[in-house]
There are 2 protein chains.
Amino acid sequence: MTISILPVKGVGEITPGTDLARVLTDAMEGDDAIALSDGDILVVTQKIVSKAEGRYCDLRHIVPSPEAEELAAVTRKDPRLVEMILRESEAVVRSAPFVLITRHRLGMVMANAGIDQSNLGPGGEDRILLLPLDPDASAEGIRDTVYRRTGQSVAVVISDSFGRPWRNGVVNVAIGAAGLASIVDERGKADRNGRILGVTQVALADAVASAAGLIMGEAAEGIPAAIVRGVALHSAHASPARALLRPAAEDLFR
Amino acid sequence: MTISILPVKGVGEITPGTDLARVLTDAMEGDDAIALSDGDILVVTQKIVSKAEGRYCDLRHIVPSPEAEELAAVTRKDPRLVEMILRESEAVVRSAPFVLITRHRLGMVMANAGIDQSNLGPGGEDRILLLPLDPDASAEGIRDTVYRRTGQSVAVVISDSFGRPWRNGVVNVAIGAAGLASIVDERGKADRNGRILGVTQVALADAVASAAGLIMGEAAEGIPAAIVRGVALHSAHASPARALLRPAAEDLFR
């Protein structure tokens, strides 16, 4: 009864159109320490999923709307970037100098619609990277390909780092998942009085993403995937990462 | 380069006055699979720390204030419990049916001031358990005793499960820490434009608590502590868990 977290090394640069599952299984096959097996969780950073899916955008082609210009003045951000954040979002949650938090079209409340501008190679500041179109589907696709190539049934979690409203620092959470219960229902194990906010449900996929971040975070760009081994997947009650999103109507902080 | 998470088994019932570090080191000494060593992180659930520190309160002796009575009507909670939540808190952040979120006197924004009513033995519903008086000091104390008893310099994290405003399910976070950097400063590694909320700092102690929760959560009361091995502690920049708390003045959601 031990949980292990192993880095997937030697992944190399990911370009649009890359078969990511193939690249990852190749990298793992070359690493005897991993020996992928049934029940493992393959955690993949959002960044390489977005890169493989070609979710780049060139800000030189973006014309900001008046709303974007206005928010850019408040947040002191590039109006073209703000335009893309708005296009990726359903609603603005908070804006302040250097802060723009929105509800993403996928449902996550997050900073800057998860748009990445760092380490994107040629294009510099004008080149941005959006979240995958449908990260749960991306996770399913990777899971299917890993099974076809290796015969092993793994779960897949796509992770991204999020800030939190009342706590300093970022933690990794799951934005996509397949083959495990993203939420584990512990109703019956805990108190039945509805006393404590959400105590009956455990955000398993988020905890897995955070755990994997302990290895992926250290090397920044170097380790874009990890195996988490030994976790009960509750796969009979598998649910996607979107099950982790509190519906806007239940949001206490609107 | 692997991270391992090992359960600390055989801890038994913890009563007020128990030398918790002694009980934990005894349990680990009996388990060859652990073989505690320098650099390990000992993660301990808040509940057994509070029990060892005797942080019980008997609601039969509590007279609710008018403010507590009023909030109890809104939240449909026991007025005596609400009274204790208020005594443990600096400010009410949100109240709604079955929801009472406050800023705890220790600084954490959390549900019900972290007060526990489940599985507390004799006394039933009237017996509650408060958070430790000073969880960072509790962590330091455990770390010191482990060193004196084993000669191993470990880090200690005291974990508790928290709900999140926009995401379903609870995750474990650190409410106390010693011997590691609760926050790791990655300034310079990431973008320097202040674009993304908190991206330059990583909440290491929270990630460790979440990772340990993968093993402690499964057995609920059974596994009240775990060893997380193989994580870079950044101990030259050690900081307590209170470094994870965003000051109220910087809170975007007041």
Side-chain angles (χ1 to χ4, degrees), chain A residues 1-7 33 77 94 96 98-99 101 108-109 111-112 117-118 161 163-173 183-184 186 189-191 193-199 201-204 206-208 210-211 213-215 217-218 220 228 231-232 243-246 251-253, chain B residues 1-7 33 77 94 96 98-99 101 108-109 111-112 117-118 161 163-173 183-184 186 189-191 193-199 201-204 206-208 210-211 213-215 217-218 220 228 231-232 243-246 251-253:
Chain A
M1 187 187 167
T2 301
I3 291 169
S4 308
I5 311 170
L6 304 138
K77 291 173 186 283
R94 281 295 182 281
F98 309 111
V99 174
I101 299 168
M108 295 88 78
V109 175
N112 304 317
Q117 279 183 289
S118 62
S161 62
R164 294 92 47 91
W166 302 300
R167 297 180 73 78
N168 290 322
V170 296
V171 291
N172 277 7
V173 303
I183 283 276
V184 174
E186 291 202 340
K189 280 196 203 172
D191 267 19
N193 300 340
R195 268 192 293 263
I196 297 171
L197 183 67
V199 80
Q201 295 195 310
V202 174
L204 178 63
D206 283 342
V208 167
S210 287
L214 290 172
I215 247 178
E218 284 302 309
V228 179
V231 174
L244 290 161
L245 304 176
R246 196 183 291 275
D251 182 352
L252 293 168
F253 296 91
Chain B
M1 188 187 166
T2 300
I3 291 169
S4 309
I5 311 170
L6 304 138
K77 291 173 185 284
R94 283 294 184 279
F98 308 110
V99 174
I101 299 169
M108 295 88 78
V109 175
N112 304 316
Q117 279 185 291
S118 60
S161 62
R164 291 93 47 92
W166 303 300
R167 297 180 73 79
N168 289 321
V170 295
V171 292
N172 277 7
V173 302
I183 283 276
V184 174
E186 292 202 341
K189 280 196 202 173
D191 268 18
N193 300 339
R195 266 193 295 265
I196 297 172
L197 184 69
V199 80
Q201 295 195 310
V202 174
L204 178 64
D206 283 342
V208 167
S210 286
L214 290 172
I215 244 175
E218 286 302 309
V228 179
V231 173
L244 290 161
L245 303 176
R246 196 184 290 278
D251 182 350
L252 293 169
F253 296 90

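This structure is a prediction, so every number in the text was calculated from the model and none was measured. Throughout, a chain's letter reflects where its sequence line sits, starting with A, and its residues are numbered from 1.
- Taken from CG in B/L245 to CG in A/N168, the straight-line distance is 7.5 Å, to the nearest 0.5 Å.
- Looking at A/A243, only its backbone comes within 4.5 Å of chain B, counting heavy atoms on both sides.
- Between B/M1 and A/I215 there is a side-chain heavy-atom pair separated by less than 4.5 Å.
- With contacts defined as side-chain heavy-atom distances shorter than 4.5 Å, the pair B/L214/A/V208 qualifies.
- Between the CZ atom of A/R167 and the CE atom of B/M108 there is a distance of 7.5 Å, given to the nearest 0.5 Å.
- Taking both residues in full, the closest heavy atoms of A/A207 and B/S210 are given as CB-O, 3.9 Å, listed atom of the first, atom of the second, then distance.
- The CD1 atom of A/I101 sits 5.5 Å away from atom CH2 of B/W166, with the distance rounded to the nearest 0.5 Å.
- Taking CG from A/D206 and CG from B/N172, the interatomic distance works out to 12.0 Å, rounded to the nearest 0.5 Å.
- Between A/I5 and B/I5 there is a side-chain heavy-atom pair separated by less than 4.5 Å.
- Looking at B/I183, the atoms closer than 4.5 Å to chain A (heavy atoms on both sides) all sit in the side chain, from C-beta outward.
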